[in-house]
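So you know, we letter chains A, B, ... as the sequences are listed, proteins then strands, and number each from 1. Only heavy atoms go into these numbers, but all of them, side chains included; no hydrogens, no water, no symmetry mates.
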Amino acid sequence: MTTDTAPEAFTPRSEFIRVMQERGYVHQCTDLTALDAAAAEGRFTAYVGYDCTADSLHIGHLISIMMLRWFQKTGHRPIVLMGGGTTKVGDPTDKDQQRPLLTDAVINANLASIRRTFSKFLTFGDTGGGALMVNNADWLEKLGYIEFLRDYGVHFTVNRMLAFDSVKLRLEREQPLSFLEFNYMLMQATDFLELYRRHGCRLQMGGSDQWGNIINGVELVRRVEGKPAFGLTTPLLTTSSGQKMGKTLGGAVWLNAEKLSPYDYWQMWRNTEDADVGRFLKLFTELPLDEIARLEALGGAEINEAKKVLAGEATTLLHGREAADTAAAAARAAFEEGRLSEDLPTVEVSAADLAGMSHTALMVAAGFASSNGDARRQIAGGAFRIDGVKVSDAAALVALSGPEAELRKGNARKRLVVT
RNA sequence: GGGGGAAUGUCCCGAGUGGCAAAGGGGGCGGACUGUAAAUCCGCUGGCGUACGCCUUCGUAGGUUCGAGUCCUACUUCCCCCA
């Protein structure tokens with residue numbers, strides 16, 4: 001098995017691979033040269049798989065979504081594979097424990113919700129380069145056990161399966177790996193084969209943690225169909241200081257607007273570390289590379305301009321230009337001009353409620369604290385401001401000077417209270 | 001089948017002699033410094049109450065004790081050794 005690791009000296013012929021390389025999407029590829037040649041010949045089909053464990057995708061998925069988007073933009077046909085079937089089994093990769101098994105109803109609801117996000121990045125359609133969304137429950141659930149073993153099981157040796165990191169890790173850490181989970185890689189491999197048969201799909205892409213799973217699919221297509229198939233992975237996304245992305249918001253960075261407002265999404269990008277700006281501009285915007293090079297070169301505080309461009313472009317892709325502009329305007333007013341902005345996320349409190357409300361309660365209502373105790377501790381630490389004035393007495397009643405006021409937690413988190 | 005270990009603050013790792021809301025890390029949040037950055041230093045990191053306080057937490061269920069994460073019994077899951 002060939003496992004090139006992002007070869008440096010290589011000039012791609014296909015636009016797709018060229019873009020992938022230039023913008024930093026390539027981590028590993030089964031055979032980059034051959035994939036490039038194949039992609040240069042004409043329309044190609046590739047897929048990325050997503051599970052349905054949550055009702056929204058998060059920032060960790062974004063890199064592969066962008067990859068599919070570029071794939072389509074460069075003339076190819078992307079397939080979004082929803083793991084309605086595999087979600088019922090659970091990927092053992094990088095997990096200590098078995099995932100809770102979800103019901104059909106939940107999986108289907110999640111699937112519908114996730115579909116809306118994809119429609120912002122891809123153009124779906126049955127013709128030519130139109131993107132497809134398919135659910136592997138469609139074929140996995142029909143599979144009989146004997147049939148499965150005979151048709152697919154013969155192609156996998158346990159010897160090799162045991163060598164995969166996802167399995168090895170569990171065994172080394174002496175953590176249980178159920179037989180159910182052990183089968184996950186077989187199921188994922190059959191997905192590739194099925195997509196090859198149904199849609200002529202010859203490439204699976206994904207995060208570097210999926211490498212093992214992807215390899216299995218590639219091998220299966222090669223063995224059963226005797227046709228070349230490819231795998232391509234992206235680097236794991238971390239910030240320069242080694243943190244998970246989006247830590248500033250304390251929690252997952254969701255892509256659904258109902259779970260994370262466009263304003264907060266914009267802020268997340270705005271707070272990118274200096275060292276990450278160039279890399280993120282390449283991965284998460286579609287700005288030309290020379291423009292990115294210019295922005296990246298900005299020194300000192302000027303790099304903040306580049307961060308605003310990053311925030312604007314990334315937010316536009318997900319939530320649209322209007323939402324991005326509104327978020328930018330809100331941030332400008334609140335942070336740079338120091339005035340009240342109507343466009344900040346708001347917290348509504350009735351006048352009657354506000355009359356007897358303590359600072360503690362207001363902070364909880366604003367979503368700045370998870371409990372009264374948390375709010376008191378935060379206030380003791382000087383974290384909470386109303387119209388720029390630090391709140392010192394947790395128990396004191398809230399006294400606003402007008403019908404609206406700006407709430408602030410820490411340096412960067414702002415909300416508007418409206419009575 | 002027999003013998004020996006292990007499960008801790010619902011983010012993770014991890015100490016714990018019968019008086020424990022429970023050491024220490026990591027992570028997260030906040031303060032200072034800055035540029036809504038990083039690095040650094042400092043503080044906080046179960047719930048309720050203004051407060052002496054009350055409640056809920058150490059795999060599950062019982063028991064001993066004034067008092068149990070700590071002792072006993074059964075069960076669950078995992079690891080190791082023997083067969």
Side-chain angles (χ1 to χ4, degrees), chain A residues 58 60 92 94-100 169-181 238-253 263-281 295-296 298-312 315 327-339 341 344-345 356-361 363-364 366-385 388 390-398 406-415:
Chain A
H58 56 75
D94 197 36
K95 287 194 181 54
D96 293 350
Q97 290 172 10
Q98 194 175 321
R99 205 181 268 177
L169 210 74
R170 282 277 190 94
L171 297 179
E172 277 168 8
R173 294 167 76 182
E174 301 185 340
Q175 278 151 350
L177 174 72
S178 67
F179 184 66
L180 175 79
E181 295 170 287
T238 52
T239 66
S240 292
S241 35
Q243 307 298 328
K244 258 188 292 180
M245 271 205 69
K247 58 162 186 162
T248 44
L249 291 166
V253 178
Y263 170 83
D264 285 325
Y265 188 72
W266 192 94
Q267 281 294 322
M268 191 274 299
W269 292 109
R270 170 63 183 81
N271 285 302
T272 297
E273 294 175 22
D274 289 7
D276 293 324
V277 173
R279 193 159 54 99
F280 288 179
L281 279 167
L295 289 168
E296 191 178 11
L298 293 172
E302 278 183 39
I303 198 148
N304 284 330
E305 292 310 311
K307 293 182 189 179
K308 286 181 214 167
V309 173
L310 170 62
T315 306
R332 196 179 318 117
F335 286 99
E336 294 175 25
E337 296 162 13
R339 63 184 172 78
S341 170
L344 287 173
M357 189 176 265
S358 66
H359 286 138
T360 303
M363 197 167 172
V364 172
F368 282 168
S370 57
S371 67
N372 292 347
D374 184 34
R376 271 191 290 274
R377 283 189 293 267
Q378 298 279 9
I379 289 171
F384 195 27
R385 288 168 209 255
K390 200 172 272 189
V391 171
S392 53
D393 188 345
L397 297 184
V398 176
E406 180 196 82
L407 301 185
R408 177 174 145 196
K409 183 198 181 193
N411 276 331
R413 305 188 62 192
K414 299 193 177 191
R415 296 275 114 107

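Along RNA chain B, the nucleotide nearest to A:Phe384 and the one nearest to A:Trp266 differ in position, and the one closer to the 5' end is contacted by A:Phe384.
Taking atom CZ of residue A:Phe368 and atom C1' of nucleotide B:G30, one finds them 13 Å apart after rounding to whole Å. Between the CG atom of A:Leu281 and the C1' atom of B:A37 there is a distance of 14 Å, rounded to whole Å. Residue A:Glu305 contributes atom CD, which lies 11 Å from atom C1' of B:G35 at whole-angstrom precision. Atom P of nucleotide B:A37 and atom CG of A:Leu298 are separated by 18 Å, given to the nearest angstrom. The separation between A:Arg408 atom CZ and B:U36 atom P is 10 Å, rounded to whole Å. Remark: P of B:U34 and CG of A:Asn411 are 12 Å apart, rounded to the nearest angstrom. Regarding A:Asp276, its CG atom lies at a distance of 11 Å from the P atom of B:A39, rounded to whole Å. One interatomic measurement links the two molecules: CD of A:Glu273 to P of B:U40, which rounds to 12 Å at whole-angstrom precision.
Rounded to whole Å, the separation between the P atoms of B:U76 and B:G24 comes to 37 Å. Taking the P atom of each, B:A6 and B:G18 are spaced 16 Å apart, rounded to whole Å. The same atom, P, is picked in B:C58 and in B:U70; the two are 9 Å apart, to the nearest Å. As rounded to the nearest Å, B:C13 and B:G62 have P atoms that lie 27 Å from one another. Atom C1' of B:C78 sits at a distance of 35 Å from the matching atom of B:C44, rounded to the whole Å. B:A74 and B:G4 have their P atoms separated by 12 Å, given to the nearest Å. Comparing B:C29 with B:C79, their C1' atoms sit 37 Å apart, to the nearest whole Å. With C1' as the reference atom, B:U8 and B:A22 are 9 Å apart, rounded to whole Å.
The shortest side-chain heavy-atom distance between A:Ile379 and A:His359 falls under the 4.5 Å cut-off.
Annotation: side chain to side chain donor-acceptor pair (under 3.5 Å) contacts of A:Lys409 (sequence neighbours excluded): none. Every residue two or more places apart in sequence or in another chain that forms a side chain to side chain contact (heavy atoms under 4.5 Å, CB included) with A:Val364 is listed here: A:Ala369, A:Asn372, A:Ala375. The side chain to side chain contact (heavy atoms under 4.5 Å, CB included) check on A:Ala395 picks up A:Asp393, with sequence neighbours excluded. Qualifying side chain to side chain contact (heavy atoms under 4.5 Å, CB included) partners for A:Arg377, counting only residues two or more places apart in sequence or in other chains: A:Asp374.
The pair A:Lys307-A:Asp276 does not count as a salt bridge, with every side-chain nitrogen at least 4.0 angstrom from each carboxylate oxygen.
For B:G67, there is no paired nucleotide, since no Watson-Crick or G-U wobble pair has both relevant distances below 3.5 Å. The base-pairing partner of B:C41, taking Watson-Crick or G-U wobble contacts with both distances under 3.5 Å, is B:G31. Summarising the base pairing, B:U57 is matched to no nucleotide, lacking a Watson-Crick or G-U wobble pair whose two defining distances lie under 3.5 Å. Nucleotide B:A6 is matched to B:U77 when pairs are restricted to Watson-Crick or G-U wobble geometry with both distances under 3.5 angstrom. Under the Watson-Crick or G-U wobble criterion, with both distances below 3.5 Å, B:C11 is paired with B:G26. Judged by Watson-Crick or G-U wobble contacts below 3.5 Å, the nucleotide B:G1 has B:C82 as its partner. B:C52 is unpaired under the criterion used here, namely a Watson-Crick or G-U wobble arrangement in which both key atom distances are under 3.5 Å.
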### Message
One character per nucleotide, please: for nucleotides 52-57 of chain B, 5' to 3', B when the base has a protein heavy atom closer than 4.0 Å, S when only the sugar-phosphate does, - otherwise.
### Response
------
### Query
Quick one: what's the B/S/- string for nucleotides 41-51 of chain B, heavy-atom cutoff under 4.0 Å, read 5' to 3'?
---SS-SSB--
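Shortest non-hydrogen contact noted between A:Ala366 and A:Leu407 is CB-CD1, 3.6 Å. For the residue pair A:Ala331 and A:Tyr263, the shortest heavy atom distance occurs at N-CE1, 4.3 Å.
Looking at A:Glu336, its side chain has no donor and acceptor atom pair within 3.5 Å of the base of B:U36.
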### Message
Under the criterion side-chain contact (heavy atoms from CB on, under 4.5 Å), I'd like the reasoning laid out for A:Glu406 against A:Leu344: C-alpha separation, chi angles, the key distance, then a yes or no.
### Response
CA-CA 9 Å; A:Glu406 180 196 82; A:Leu344 287 173; 4.3 Å; yes
### Task
Would you check, one step at a time, whether the test side-chain contact (heavy atoms from CB on, under 4.5 Å) holds for A:Phe368 with A:Arg408?
CA-CA 9 Å; A:Phe368 282 168; A:Arg408 177 174 145 196; 5.5 Å; no
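The residue from A:Gln267, A:Lys414, A:Arg415 that alone fulfils the side chain to side chain contact (heavy atoms under 4.5 Å, CB included) condition with A:Pro345 is A:Arg415.
In the set B:A32, B:U36, B:A37, the nucleotide with an atom closest to the side chain of A:Ala331 is B:U36. You'll find that the side chain of A:Asn271 is closest to B:U36, out of B:U36, B:G35, B:G30.
A:Thr272 contributes no side-chain N or O that, together with a main-chain N or O of A:Val277, makes up a donor-acceptor pair within less than 3.5 Å.
At the heavy-atom level, A:Lys307 lies under 4.0 Å from base atoms of the strands shown. Using a 4.0 Å heavy-atom distance criterion, A:Ala412 is classed as a base contact.
A sub-4.0 Å separation between OP1 or OP2 of B:A32 and a side-chain N or O of A:Lys390 is present.
Shown here, B:C20 is classed syn by the O4'-C1'-N9-C4 or O4'-C1'-N1-C2 angle, which is within 90° of 0.
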